[in-house]
K.L.:
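Let me give you the structure first, and then I'll get to my questions.
Side chains included, hydrogens not; waters and symmetry mates left out as well; all remaining heavy atoms used. In this text the structure is predicted, and so the values were computed from the model without any measurement.
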Amino acid sequence: MGQPESREAQQPQLPPGQRLQRGWPVTHYGPVPRFRPDRWEFRVFGATAEEGKHTWTHDEFTALPYTTVVADLHCVTKFSMLDAEWGGVLARTVAEAAPPAGHVTHVMVWAEYGFSSNLRLSDFLDERTVFATHKDGELLTAEHGFPLRLIVPHLYAWKGPKWVRGIEYMTADRRGFWEERGYHNVGDPWREQRYSYQEEPGDGPGL
């Protein structure tokens with residue numbers, strides 16, 4: 001008979017400094033926006049391949065191909081939620097429908113109230129980055145980002161804003177909302193990149 005797994009082997013692997021979370025706490029800055037489907041649109045602008053703006057209504061966006069991704073969510077406040085099923089539209093799908101220009105290096109994700117978060121283009125185009133409308137088969141609640149939030153599983157959760165309204169293709173990096181307020185420009189939880197003082201050359205604008 002085989003030997004039972006050690007207690008360490010049975011424990012889920014977490015990034016350094018994180019703790020396993022049962023349930024899903026609500027964390028965000030500012031009020032929960034009211035969803036008005038007749039006024040909602042998703043925009044792709046900036047350095048697009050066709051030098052123009054692309055827009056989708058809510059009905060048009062949710063008609064894009066639907067994909068599910070099983071992935072973790074790591075919050076910089078030190079909780080991790082494992083193996084959630086996120087359903088929605090892959091970031092790659094959006095980029096294929098509204099491609100960036102060849103010299104684009106970064107993306108700014110824009111959300112309600114002017115909130116923003118910057119990503120390297122490679123992070124945005126990762127195969128598991130998804131504009132989520134559902135979690136575990138159910139529509140997101142307003143407190144958790146309905147109608148649309150970005151999930152970037154390999155980065156801290158602030159890199160995936162709630163209530164997303166569009167993306168801007170950029171040819172140079174610039175900091176988003178939390179990045180301007182002292183959070184790390186990259187935000188890799190496995191390297192525990194929480195704060196801007198930890199940044200090394202190449203991690204952020206001007207470095």
Side-chain angles (χ1 to χ4, degrees), residues 40-74 86-133 145 147-181 183-191 193 196 198-207:
W40 191 95
E41 70 172 12
F42 184 94
R43 298 190 304 146
V44 178
F45 61 103
T48 62
E50 299 175 359
E51 300 183 356
K53 183 177 72 171
H54 301 259
T55 62
W56 288 269
T57 65
H58 183 252
D59 287 344
E60 290 169 342
F61 192 89
T62 55
L64 292 171
Y66 183 91
T67 303
T68 58
V69 174
V70 176
D72 306 335
L73 183 138
H74 304 297
W86 307 99
V89 179
L90 291 177
R92 286 184 174 188
T93 299
V94 173
E96 289 168 1
H103 55 305
V104 166
T105 59
H106 292 79
V107 171
M108 188 71 78
V109 184
W110 290 98
E112 297 283 1
Y113 305 129
F115 182 86
S116 61
S117 187
N118 59 316
L119 292 168
R120 296 171 298 192
L121 183 62
S122 58
D123 293 321
F124 180 74
L125 296 179
D126 185 87
E127 63 183 2
R128 297 196 304 159
T129 300
V130 59
F131 289 101
T133 56
L148 196 67
R149 74 175 292 165
L150 186 65
I151 299 295
V152 190
H154 62 287
L155 300 180
Y156 282 120
W158 91 78
K159 284 294 187 176
K162 301 178 181 182
W163 312 302
V164 175
R165 294 297 299 273
I167 60 169
E168 176 188 0
Y169 291 135
M170 304 189 298
T171 59
D173 194 12
R174 70 177 191 270
R175 297 179 188 270
F177 181 88
W178 287 116
E179 294 80 12
E180 288 182 334
R181 289 160 175 80
Y183 281 78
H184 198 284
N185 197 59
V186 177
D188 183 341
W190 297 98
R191 298 176 63 188
Q193 294 175 331
S196 59
Q198 300 170 298
E199 291 175 2
E200 299 177 355
D203 283 343
L207 295 177

K.L.:
Please table the atom pairs, donor to acceptor, closer than 3.5 Å between any side-chain atom in residues 44-56 and protein atoms at least two apart or in another chain.
P.N.:
{"residue": "Thr48", "atom": "OG1", "partner": "Glu51", "partner atom": "N", "Å": "3.1"}
{"residue": "Thr48", "atom": "OG1", "partner": "Gly52", "partner atom": "N", "Å": "2.9"}
{"residue": "Thr48", "atom": "OG1", "partner": "Gly52", "partner atom": "O", "Å": "2.8"}

K.L.:
State, to 0.1 Å, how close Arg128 and Val70 come at their nearest heavy-atom pair, and which atoms those are.
P.N.:
NH1-O, 3.4 Å
K.L.:
Taking distance alone, no hydrogens or angles, what donor-acceptor pairs closer than 3.5 Å link side-chain atoms of residues 164-175 to residues at least two apart or in another chain?
P.N.:
{"residue": "Arg165", "atom": "NE", "partner": "Glu41", "partner atom": "O", "Å": "3.1"}
{"residue": "Arg165", "atom": "NH1", "partner": "Glu112", "partner atom": "OE2", "Å": "2.9"}
{"residue": "Glu168", "atom": "OE1", "partner": "Trp110", "partner atom": "NE1", "Å": "3.0"}
{"residue": "Glu168", "atom": "OE1", "partner": "Arg174", "partner atom": "NH2", "Å": "2.7"}
{"residue": "Glu168", "atom": "OE2", "partner": "Arg174", "partner atom": "NH1", "Å": "3.4"}
{"residue": "Glu168", "atom": "OE2", "partner": "Arg174", "partner atom": "NH2", "Å": "3.3"}
{"residue": "Tyr169", "atom": "OH", "partner": "Ala98", "partner atom": "O", "Å": "2.6"}
{"residue": "Asp173", "atom": "OD1", "partner": "Asn118", "partner atom": "ND2", "Å": "2.9"}
{"residue": "Asp173", "atom": "OD2", "partner": "Asn185", "partner atom": "ND2", "Å": "2.7"}
{"residue": "Arg175", "atom": "NH1", "partner": "Glu199", "partner atom": "OE2", "Å": "2.9"}
{"residue": "Arg175", "atom": "NH2", "partner": "Glu199", "partner atom": "OE1", "Å": "2.8"}

K.L.:
Any idea which heavy atoms bring Pro147 and Trp40 closest together, and the distance?
P.N.:
CG-NE1, 3.6 Å
K.L.:
With sequence neighbours excluded, tell me which residues meet side-chain hydrogen bond (donor to acceptor under 3.5 Å, both in side chains) with His154.
P.N.:
Asp123
K.L.:
Can you name the closest pair of heavy atoms from Trp86 and Ala71 and give their distance?
P.N.:
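Shortest heavy-atom separation between Trp86 and Ala71 comes out as NE1-O, 3.2 Å.
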K.L.:
Determine, step by step, whether Asp126 and Val152 satisfy the side-chain contact (heavy atoms from CB on, under 4.5 Å) criterion, reporting the C-alpha distance in whole Å, the side-chain angles of both residues, the deciding distance to 0.1 Å, and the verdict.
P.N.:
CA-CA 8 Å; Asp126 185 87; Val152 190; 6.0 Å; no
K.L.:
Are Arg181 and Phe177 in a cation-pi contact, defined as NZ or CZ under 6.0 Å from the six-membered ring centre and within 45° of the axis?
P.N.:
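Judged by the rule (NZ or CZ under 6.0 Å from the ring centre, within 45° of its axis), Arg181 counts as positioned above Phe177.
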K.L.:
Can you find a heavy atom in the side chain of Leu73 that is under 4.5 Å from one in the side chain of Ile151?
P.N.:
yes
K.L.:
Report the C-alpha distance between Val107 and Leu121 in whole Å, list the side-chain angles of each, state the deciding distance to 0.1 Å, and finish with yes or no for side-chain contact (heavy atoms from CB on, under 4.5 Å).
P.N.:
CA-CA 6 Å; Val107 171; Leu121 183 62; 3.8 Å; yes
K.L.:
Of all the heavy-atom pairs spanning Asp203 and Glu200, show the shortest one and how long it is.
P.N.:
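Smallest interatomic distance, heavy atoms only, reads OD2-N, 2.8 Å.
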K.L.:
If I compare all heavy atoms of Val104 with all of His106, which pair ends up nearest, and what's the gap?
P.N.:
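Nearest pair, atom of Val104 first, then His106: CG1-O, 3.5 Å.
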K.L.:
Quick one: side-chain contact (heavy atoms from CB on, under 4.5 Å) partners of Gln198, sequence neighbours excluded?
P.N.:
His184, Arg194, Tyr195
K.L.:
Could you pull out the closest heavy-atom pair between Leu125 and Ala95, with the gap in Å?
P.N.:
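Scanning both residues, the minimum pair turns out to be CD2-CB, 3.5 Å.
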K.L.:
Output all residues satisfying side-chain contact (heavy atoms from CB on, under 4.5 Å) with Ala111, sequence neighbours left out; order by chain, then residue number.
P.N.:
Phe115, Pro161
K.L.:
Does some side-chain heavy atom of Ser196 sit less than 4.5 Å from a side-chain heavy atom of Glu179?
P.N.:
no
K.L.:
Sequence neighbours left out, cut at 3.5 Å: what donor-acceptor pairs do the side chains of residues 60-69 make with other protein atoms?
P.N.:
{"residue": "Glu60", "atom": "OE1", "partner": "Thr57", "partner atom": "N", "Å": "2.8"}
{"residue": "Glu60", "atom": "OE1", "partner": "Thr57", "partner atom": "OG1", "Å": "3.4"}
{"residue": "Thr62", "atom": "OG1", "partner": "His58", "partner atom": "O", "Å": "2.9"}
{"residue": "Thr62", "atom": "OG1", "partner": "Asp59", "partner atom": "O", "Å": "3.2"}

K.L.:
So, the side chain of Thr129 versus the backbone of Arg92: is there a donor-acceptor pair under 3.5 Å, distance only?
P.N.:
no
K.L.:
Do Tyr183 and Tyr156 have ring centres separated by under 6.0 Å?
P.N.:
no
